[in-house]
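Hydrogens, waters and symmetry mates are skipped; everything else that's a heavy atom, side chains included, is used. These figures come from a predicted structure and were not determined experimentally. Within every chain, numbering begins at 1; the chains are lettered A, B, ... in the order of the sequence lines, protein sequences first and strands thereafter.
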2 protein chains.
Amino acid sequence: MISHAEENYLKAIFKISEKEVKAASTNAIASEMQTTAASVTDMLKRLAEKNLIVYEKYRGVELSKEGNQVATALIRKHRLWEVFLVEKLGFAWDEVHDMAEQLEHVQGNDLVGRLDTFLGHPKFDPHGDPIPDAEGRWAFRPQSLLSTLKPGDRGVVTGVEDHTPTFLQYLDQLGLTLGAGLELLERFPYDQSVRIRTEDGRELTLSEKVGQNLYLKV
Amino acid sequence: MISHAEENYLKAIFKISEKEVKAASTNAIASEMQTTAASVTDMLKRLAEKNLIVYEKYRGVELSKEGNQVATALIRKHRLWEVFLVEKLGFAWDEVHDMAEQLEHVQGNDLVGRLDTFLGHPKFDPHGDPIPDAEGRWAFRPQSLLSTLKPGDRGVVTGVEDHTPTFLQYLDQLGLTLGAGLELLERFPYDQSVRIRTEDGRELTLSEKVGQNLYLKV
DNA sequence: TAATATTTTTAGATTAGTCTAAATTTTTAA
DNA sequence: TTAAAAATTTAGACTAATCTAAAAATATTA
Ligand SMILES: [Mn+2]
Ligand SMILES: [Mn+2]
Ligand SMILES: [Mn+2]
Ligand SMILES: [Mn+2]
């Protein structure tokens, strides 16, 4: 009795709450959902009515315990399906998001559990994002943005902040996919761009923008 | 730009047209879709507007060439996902229909093609129903209803007419799943029930109703 | 603190999909 | 061949989800 649209809003609120400590604002949700503030207000009323969020007019929203569970389950499904699409069907990591966006809404008795088993209980999705377990527990992996490394630091690519196909394809082109090792050689103060050496010995220059969207385990 | 609801109607019309030579009636569609005749009429107008069906008021409908393609593609997706759920995730054949009913609507560039490849290009689904190929061509397999066999005839179970979980579970219980061999020993004129011997030597009595819902290759 | 800017909510419409009840058309059968 | 029955369509209404434009509340800043 929770519609696809409602599920998507809960996930959006969850994602905003991950980054901000305070309640998620109407505008932030509208931006995340690519819709208007008026539509968001309409939906917030419905979600509050169903006790999926705690909503105070003009004050933003937080997920209720139940809303949090729904959002977590949805993210779990989304990421498991992404693993399936990449590992089993051979899609590239920049192609799977829109399909997972649909697959996450498919309902079925123990469908998620069986998918999880079939995939070997993966802890991270193809973008390096953690997959919560059936009880909603998140795996943690210490990682740092490339932009925080110092010359001489070595690291292994573990994830991305930016999930757009353009960025992912650019990383493919650079050979900087999940698991790739690198060493930071130098950071240029002028524009914060960095020079790195890959594990196969290539030297690359990366912009600050790349540095702020690439996670590494040091 | 074809909604889930529209896709489902096209599939319903396809299924009715498979059995009946003449145009599908509003009532037949309403029955197949578990909805009202009024709702069907509303939808028929939309589908005709989009040239997915040929519709003459009070005279029933037929699929247009394009509507036929959409319906065929949908059935292909439904049955491929059913194979996935049974073969890969280990669901029983009576559990997969509702999930496939949702999965068939998931859109993605070459998703079907890759799924088909992953599954090894299956020609039949877990219920023995044929899976059309990417060009919409159907595999054919000669099969007869158990009710048409004569004493002494042997056959292998290849499909079912009734797809309800109750029937499928009953067949499981009898050991009469796809691939099971049997010999018809006797038909009782009184109620058209039959006595059969399974390949592992068990003798069973099956009602006429079972006989009219079980397909065999003789 | 008062004016201004920003954010959020409300008002009023729109669309897809559905429903019930009434009207109309077609089919059946007397 | 007409009357009754059945099938189908139309009329009118409803809900979920969305939108634009206007109103109201909150936040900012002079
Ligand atoms: Mn994704
Ligand atoms: Mn992901
Ligand atoms: Mn099915
Ligand atoms: Mn099937």
| request: Among D:dT26, D:dA17, D:dT9, find the nucleotide with the atom closest to the side chain of A:Arg59. | output: D:dT26

| query | Is B:Thr41 near enough to D:dT10 that one of its side-chain N or O atoms lies under 4.0 angstrom from OP1 or OP2? | reply | no

| request: Find out whether B:Asp172 and B:Thr177 are in side-chain contact, i.e. whether some heavy atom of one side chain is under 4.5 Å from a heavy atom of the other. | output: yes

| Should the ring pair A:Phe14 and A:Trp138 be called parallel, tilted or perpendicular, given that the plane angle runs from 0 to 90° and is split at 30 and 60? | parallel

| field | Chi angles and distances behind the salt bridge (charged side-chain N to carboxylate O under 4.0 Å, His left out) call for A:Arg76, A:Asp116 | value | CA-CA 9 Å; A:Arg76 172 168 159 81; A:Asp116 186 42; 3.5 Å; yes

| query | Within this structure, what is the CE-to-C1' distance between A:Met33 and D:dA16, rounded to whole angstrom? | reply | 14 Å

| message | Tell me the interatomic distance from A:His105, atom NE2, to D:dA16, atom C1', rounded to whole angstroms. | response | 15 Å

| Can you find a heavy atom in the side chain of B:Leu146 that is under 4.5 Å from one in the side chain of B:Val157? | no

| request: State whether a side-chain donor-acceptor pair under 3.5 Å links B:Thr72 with B:Asn68. | output: yes

Dump every N/O contact between nucleotides 20-25 of chain D and the protein below 3.5 Å, one line per pair.
residue: D:dA25; atom: O4'; partner: A:Tyr58; partner atom: OH; Å: 3.3

| task | Determine whether B:Asn8 and B:Met33 make a side-chain contact, defined as any pair of heavy atoms from C-beta on separated by less than 4.5 Å. | result | yes

| said: Output the rounded distance in Å from NZ (B:Lys22) to P (D:dA7). | reply: 11 Å

| task | Measure from CG on B:Asn27 to P on D:dA7 and round the result to the nearest Å. | result | 6 Å

| request: Look at A:Arg46 and D:dA17 and indicate whether a side-chain polar atom (N or O) is within less than 4.0 Å of OP1 or OP2. | output: yes

| said: It should be established whether B:Ser25 places a side-chain nitrogen or oxygen under 4.0 Å from OP1 or OP2 of nucleotide D:dA7. | reply: no

| request: Could you state the atom-to-atom distance from CG of A:Leu44 to C1' of D:dA17 in whole Å? | output: 13 Å

| Atom-to-atom span, CG of A:Leu52 to P of D:dA16 - whole angstrom | 14 Å

| Residues A:Gln212 and A:Ser147: side-chain donor-acceptor under 3.5 angstrom | no

| message | Output the rounded distance in Å from NZ (A:Lys57) to P (D:dA27). | response | 15 Å

| request: State whether a side-chain donor-acceptor pair under 3.5 Å links A:Asn27 with A:Ser25. | output: no

| remark: 5'-most to 3'-most nt of DNA chain C touching chain B (<4.0 Å, heavy-atom partner on protein side) reads C:dG17 to C:dT27

| request: Please work out if B:Ala5 contacts a base, only the sugar-phosphate, or nothing of the nucleic acid, heavy-atom cut-off 4.0 Å. | output: sugar-phosphate

| query | Closer than 4.0 Å, any side-chain N/O of B:Lys45 to the OP1 or OP2 of D:dT10? | reply | yes

| query | Quick one: A:Met1 CE to D:dT15 P, roughly how many Å, whole number? | reply | 18 Å

| message | Applying the side-chain hydrogen bond (donor to acceptor under 3.5 Å, both in side chains) criterion to A:His127, which one of A:Glu82, A:Arg79, A:His163 satisfies it? | response | A:Glu82

